Amino acid sequence: MIKKYSQMTQLDKIKLFIALGIILTVIIGAINHFVYAWTGRKAFVGLLVATNESIWEHIKLALLPMFIIFLVGGFLFSKKVNNYYLATFCAMFVTVLFIVFAFMGYTVFTRKSILPLDITIFILAIVFGYLTAYRIFFMPKFKWLNYLSIIGILFIVIVFLTCTYHAPDFFLFQELYVK
């Protein structure tokens, strides 16, 4: 039987937040793949969504919705769980690392990108990121790491915004497919 939100325990609410976060991040991330083209390639929109077919830009597909969801969740849960900001930073970091290493790991052998594997990696990275956050929510409180994590989150966001239009000459920023 499904409980009303007001009847749910705090743990149930946190589990719901994680589950909805995963689902919304996957859906919004998938939609964001097309938003840049749909909006006529507007520069401002490109700061937030993928502008090309590079690994870097595809990481943004997961990070933007994840960042927004954790930002909203911060108003609901930051004082009700331990290490909310550390959990957020680690979720984002795990998601980025998983996408990079899983993609590079299989393309070393295939020498090409395989769309169903790319989609699977995208979804798994998001799931692993949110599950990482869930675990960290209940670890003993690390006050100084939470403060440091706020800086880490801002650093990730600033780097992703900056590198969209000032990408270094590095393989993560090179387009995989030419349209």
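Reckoned from all heavy atoms, side chains included, excluding hydrogens, waters and symmetry mates. Since this is a predicted model, take the numbers as computed values, not measurements.
The main-chain N or O of Y134 is never found under 3.5 Å from a side-chain atom of K15 such that the two would form a donor-acceptor pair. Distance alone, capped at 3.5 Å, is enough to place a donor-acceptor pair between the Y106 side chain and the I114 backbone. Judged purely by atom type and a 3.5 angstrom limit, T95 uses its side chain to pair as donor or acceptor with the backbone of A125. N82 contributes a side-chain N or O that, together with a main-chain N or O of M139, makes up a donor-acceptor pair within less than 3.5 Å.
Between Q174 and N52, the closest side-chain pair of non-hydrogen atoms is not below 4.5 Å. Side-chain contact between L97 and F128 is absent, with no heavy-atom pair separated by less than 4.5 Å. The side-chain heavy atoms of F155 and V159, taken from C-beta on, include a pair separated by under 4.5 Å. Two residues are said to be in side-chain contact when any heavy atoms from C-beta on lie closer than 4.5 Å; T25 and L61 fail this criterion.
To the nearest 0.5 angstrom, K143 atom NZ is 15.0 Å from L86 atom CG. In this structure, OG in S113 is found 8.0 Å from CD1 in I121, a value given to the nearest 0.5 Å. Rounded to the nearest 0.5 Å, atoms CG (L117) and CZ (F122) are 15.0 Å apart. If you take OG1 on T88 and CG on L71, they are separated by 9.0 Å, rounding to the nearest 0.5 Å. Distance check, rounded to the nearest 0.5 Å: CD1 of I150 to CG of L154 gives 8.0 Å. Put simply, CG on L11 and CG on L16 are 11.5 Å apart, with the number rounded to the nearest 0.5 Å.
Across every non-hydrogen atom of F89 and S149, the tightest pair is CB-CB, 3.8 Å. When all heavy atoms are compared, the tightest approach of F98 to L124 is CE2-CB, 3.7 Å. Heavy-atom minimum distance, A91 versus A133: CB-CB, 3.9 Å. The nearest pair of heavy atoms linking N83 to P140 is ND2-O, 3.0 Å. Across all their heavy atoms, P168 and C163 have their closest contact at CD-SG, 4.1 Å. Here the closest non-hydrogen pair linking K80 and L76 is CD-O, 3.4 Å.
Among the candidates F137, F138, F77, F75, the single residue satisfying the ring pair (Phe, Tyr, Trp, His ring centres under 6.0 Å) test with Y84 is F137. Screening K60, E57, R41 against T51 for a side-chain hydrogen bond (donor to acceptor under 3.5 Å, both in side chains) leaves a single residue, E57. For the side chain to side chain contact (heavy atoms under 4.5 Å, CB included) test with I55, the passing option among V96, L172, T107 is L172; the others fail.
The cluster map of Ile, Leu, Val, Met, Phe, Trp and Tyr, joined by side-chain heavy atoms under 4.5 Å apart, puts I18 and I69 in the same cluster. In the hydrophobic clustering of ILVMFWY residues, with side-chain heavy atoms under 4.5 Å counting as a link, F170 and Y165 come out together. No path of Ile, Leu, Val, Met, Phe, Trp and Tyr side chains, each step under 4.5 Å between heavy atoms, connects L63 with V72, placing them in separate hydrophobic clusters. Following chains of ILVMFWY side-chain contacts shorter than 4.5 Å, one cannot reach I158 starting from M66, and the two form parts of different hydrophobic clusters. Side-chain heavy atoms closer than 4.5 Å link hydrophobic residues (I, L, V, M, F, W, Y) into clusters, and following such links, even through other members, never connects F93 to L148.
No close placement of the F70 and F67 rings is indicated, their centers lying 6.0 Å or farther apart. Ring centroid separation for the pair F142 and Y85 does not come in under the 6.0 Å cut-off.
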- request: Start with the C-alpha distance between H58 and F103, add both sets of side-chain angles, then the distance that settles side-chain contact (heavy atoms from CB on, under 4.5 Å), and finish with yes or no.
  value: CA-CA 11 Å; H58 279 74; F103 180 81; over 6 Å; no

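Residue Y147 qualifies as open at atom OH: its count of foreign heavy atoms under 6.0 Å is 12 or below.
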